[in-house]
Amino acid sequence: MAALAMSQDIPRQACFHAQQAVEKALKGLLQARAGTYPKSHALEELLLYHSQTREELRSWRDACRELDAFYIPTRYPDALPGLLPGGDEPSEADAARAVQSARGIVADIRHYLRPRQ
């Protein structure tokens, strides 16, 4: 959905769906590793929840922090103005970074979820 929104020039939705993709992937990894995950939408909190996951994905911490910034303003159009750095709407550049980060994080999580041989 994030890539489709990018192709349709809808940066708000691209950022939202990028954040959602990472949230669901992190929760899946945590469920597989720890059997549970915190009831949170905050990617950084999910990333730091389990020691093995935190270590494996530590290079994505800044990207998770950036994606976290999109959660409220892209989900709730009437959110307080000024939540996003640089304005009230995500830019095309924001969306491109969000989608690129989501692709990388989800790819890494898929790698860690593959059965070991």
Side-chain angles (χ1 to χ4, degrees):
M1 277 309 303
L4 178 61
M6 277 290 299
S7 74
Q8 298 298 308
D9 195 27
I10 313 171
R12 169 186 282 269
Q13 287 301 304
C15 291
F16 172 73
H17 287 292
Q19 187 279 342
Q20 288 290 282
V22 173
E23 179 183 333
K24 303 315 179 218
L26 278 169
K27 286 180 176 180
L29 181 61
L30 287 170
Q31 183 66 39
R33 292 280 161 74
T36 188
Y37 51 84
K39 303 300 182 207
S40 175
H41 300 290
L43 302 181
E44 191 172 16
E45 181 180 345
L46 295 170
L47 181 72
L48 298 174
Y49 181 73
H50 185 263
S51 61
Q52 184 177 3
T53 301
R54 180 174 51 244
E55 182 62 28
E56 290 168 339
L57 298 173
R58 74 171 167 232
S59 65
W60 291 111
R61 189 169 181 186
D62 289 342
C64 284
R65 195 174 293 131
E66 185 174 353
L67 288 166
D68 274 341
F70 295 124
Y71 179 73
I72 290 175
T74 60
R75 183 173 178 105
Y76 304 104
D78 60 347
L80 293 173
L83 289 177
L84 291 174
D88 293 336
E89 288 294 321
S91 68
E92 288 181 29
D94 292 331
R97 276 192 318 278
V99 171
Q100 180 179 7
S101 293
R103 282 183 171 141
I105 295 167
V106 170
D108 280 358
I109 289 172
R110 280 186 178 136
H111 169 78
Y112 291 122
L113 285 172
R114 284 194 188 114
R116 303 196 195 279
Q117 296 179 4

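For Pro11 against Ser91, the heavy-atom pair with the smallest separation is CB-O, 3.6 Å. Nearest approach of Leu30 to Thr53, heavy atoms of both residues: CD2-OG1, 3.8 Å. For the pair Ala98 and Ala18, the tightest heavy-atom approach, listed with the atom from each and the gap, is O-CB, 3.5 Å. Pairing each heavy atom of Gly104 with each of Trp60, the nearest pair is C-CZ2, 3.4 Å. The two residues Ala14 and Ala95 come nearest to each other via the heavy atoms CB-CB, 3.9 Å.
With contacts defined as side-chain heavy-atom distances shorter than 4.5 Å, the pair Arg54/Tyr49 does not qualify. For the pair Glu56 and Asp108, the minimum side-chain heavy-atom distance is 4.5 Å or more. Annotation: side chain of Pro38 is in contact with side chain of Leu46 (closest heavy-atom distance under 4.5 Å). Proximity of Tyr112 to Gln52: side-chain heavy atoms (C-beta onward) are nowhere separated by under 4.5 Å.
Residues Val99 make up the rest of the hydrophobic cluster containing Met6, defined by ILVMFWY side-chain heavy atoms closer than 4.5 Å, directly or through other members.
Applying the side chain to side chain donor-acceptor pair (under 3.5 Å) criterion to Glu55, with sequence neighbours excluded, gives Arg58. Applying the side-chain contact (heavy atoms from CB on, under 4.5 Å) test to Ile109 and every residue at least two apart in sequence or in another chain returns Ala25, Leu26, Leu29, Leu57, Ile105, Leu113. Partners of Arg97 by salt bridge (charged side-chain N to carboxylate O under 4.0 Å, His left out), not counting sequence neighbours, listed by chain and number: Glu66, Asp94.
Expressed to the nearest 0.5 Å, how far OH of Tyr37 lies from CD of Glu23 amounts to 9.0 Å. Within the model, atoms CD of Gln19 and NZ of Lys24 stand 7.5 Å from one another, a figure rounded to the nearest 0.5 Å. From Leu43, atom CG reaches atom CG of Leu48 across 10.5 Å, with rounding to the nearest 0.5 Å.
Between the side chain of Lys27 and the backbone N or O of His41, no donor-acceptor pair lies under 3.5 Å. Without hydrogens or angle criteria, Asp68 side chain to Ala42 main chain gives no donor-acceptor distance under 3.5 Å.
Legend: salt bridge (Lys or Arg N to Asp or Glu O under 4.0 Å) pairs involving residues 41-52, not counting sequence neighbours, sorted by first then second residue: Glu44-Arg61, Glu44-Arg65. Sorted pairs that involve residues 13-22 and meet salt bridge (Lys or Arg N to Asp or Glu O under 4.0 Å), not counting sequence neighbours, are lacking altogether.
In this structure, Arg103 places its CZ atom where only 12 or fewer heavy-atom neighbours from other residues, nucleotides or ligands lie under 6.0 Å away.
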